[in-house]
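One structure below.
On a predicted model such as this, the values are computed, not experimentally measured, just so you know. As the structure lists them, so they are numbered: ligands from 1, and atoms in each ligand from 1. Reckoned from all heavy atoms, side chains included, excluding hydrogens, waters and symmetry mates.
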Amino acid sequence: MVTGRHRGTKAVIDLGAIYHNVKEESEHLTSQQELFAVVKANAYGHGLIPVAQAASQAGAAGFCVALIDEGLALRQAGFTQPILILGVNSPLEAVLMAQNDLAAAVGDVAFFEQAAPFLKQAGLKLKIHLALDTGMGRIGFRTAEELTAALAAVNQLPEQFDFEGIFTHFATADTADQSYLKKQTVALEQMLAVVKKRPRYVHFANTAAAFWHPQYQGNIIRYGIGMYGLNPSGTELKEPRNLQPALELVSQLVAVKQIKAGDSVGYGQTYTAQNNEWVGTVPLGYADGWSRRMQGFSVLVDGKYCEIIGRVCMDQFMVRLPQRFELGTKVTLIGKNNGQVITAQKAAEHAGTIHYEILSALTERVERQYV
Ligand code: PLP
């Protein structure tokens, strides 16, 4: 994808904030625990390699990604720390993962028998983390019996597999109601009971578990959203850290005009001016990840909230301005502008989603600038 470097729209990433957020979380770890930075999805839209560098400088001991390709990108950039692929992996990719020292999450016993011949032929051993589905319903072994079968399969193939880790993922660690979390931990205990020899890594915690459930963490914190400076629960639970949001999304006015009462703006004629109004055009649209659902939300221009009017287009959207502004005037979509602020959380609330989606949806068309 081509990055737009000549239109004055950019995501400004504060790597100092990433560093701070990782450092601060690290101070809450026990001596047995390590922080793995979750940098999947282009580091939640912040940029894989720069974020990995900042996290690593702040003491992250390893990385979690969703895709093999994300792990390969880290290796190609020279990172030598442990990397865990959290997503499901095809046995056909076992050799590639082993060659690049990428640890595979495995939640299906067939993986071992299917991947083993390839690894044997290549003379390689693959690090694996057994995934336990204790209630997320996504990937992993669901019962002690299934896990027992998986352990037997791994133990039978010690030349092909290095049983490095076991993990689960909580579905509700970010909510006040802990009843489902409790159920998951009961299921987890039942499954862990059949693991006679614990592997090096036993891990359960995302950011929310790291913040609010110290008793259910294990020895790796898979630190994602907190590293980007956002509260995993949105607004439900108060964040226990001094998080610094790392991303600002800014643009500029590229067209400013006065329209008359009765004039319409945008596709589908969904907005018609009540009065003579000043309208500005901002060069960012849904192909950049700024969804059509943002219609009716506001951006900041000179410290003033200006409503997004008409439908968001593929590459541009329009805002109602309180007055005429010069072309090139800064527009803030997420971040601070003249004493006012728009958070990713507010944008998410407007769009009926979570801030994770707002940030990770920003496409490569949006230039990233690192400060
Ligand atoms: N662990 C797993 C398995 C995940 O899928 C994710 C992200 O979705 C994380 C950890 C990180 O979660 P968070 O960003 O809430 O810290």
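In this pair, Phe111 and Phe161 present their aromatic rings tilted. The plane angle is within the 30 to 60° band.
Closer than 4.0 angstrom to ligand 1 sit non-hydrogen atoms from Val38, Lys40, Tyr44, Leu86, Arg138, His169, Asn206, Thr207, Arg222, Gly224, Ile225, Tyr356.
Counting only residues at least two apart or on different chains, the side-chain hydrogen bond (donor to acceptor under 3.5 Å, both in side chains) pairs with a member in residues 170-183 are Asp177-Ser179. Residue pairs meeting the side-chain hydrogen bond (donor to acceptor under 3.5 Å, both in side chains) criterion with at least one member in residues 76-92, sequence neighbours excluded: Ser56-Gln81.
Using a distance-only test at 3.5 Å, with no hydrogens or angles considered, no donor-acceptor pair links the side chain of Glu70 to the main chain of Val39. In this structure, the side chain of Gln345 does not engage the main chain of Gly234 through any donor-acceptor pair within 3.5 Å.
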In residues 186-204, what donor-acceptor pairs under 3.5 Å come from side-chain atoms, sequence neighbours left out?
| unit_1 | atom_1 | unit_2 | atom_2 | d |
| --- | --- | --- | --- | --- |
| Lys196 | NZ | Ala193 | O | 3.2 |
| His203 | ND1 | Arg222 | NH1 | 3.0 |
| His203 | NE2 | His129 | ND1 | 2.9 |

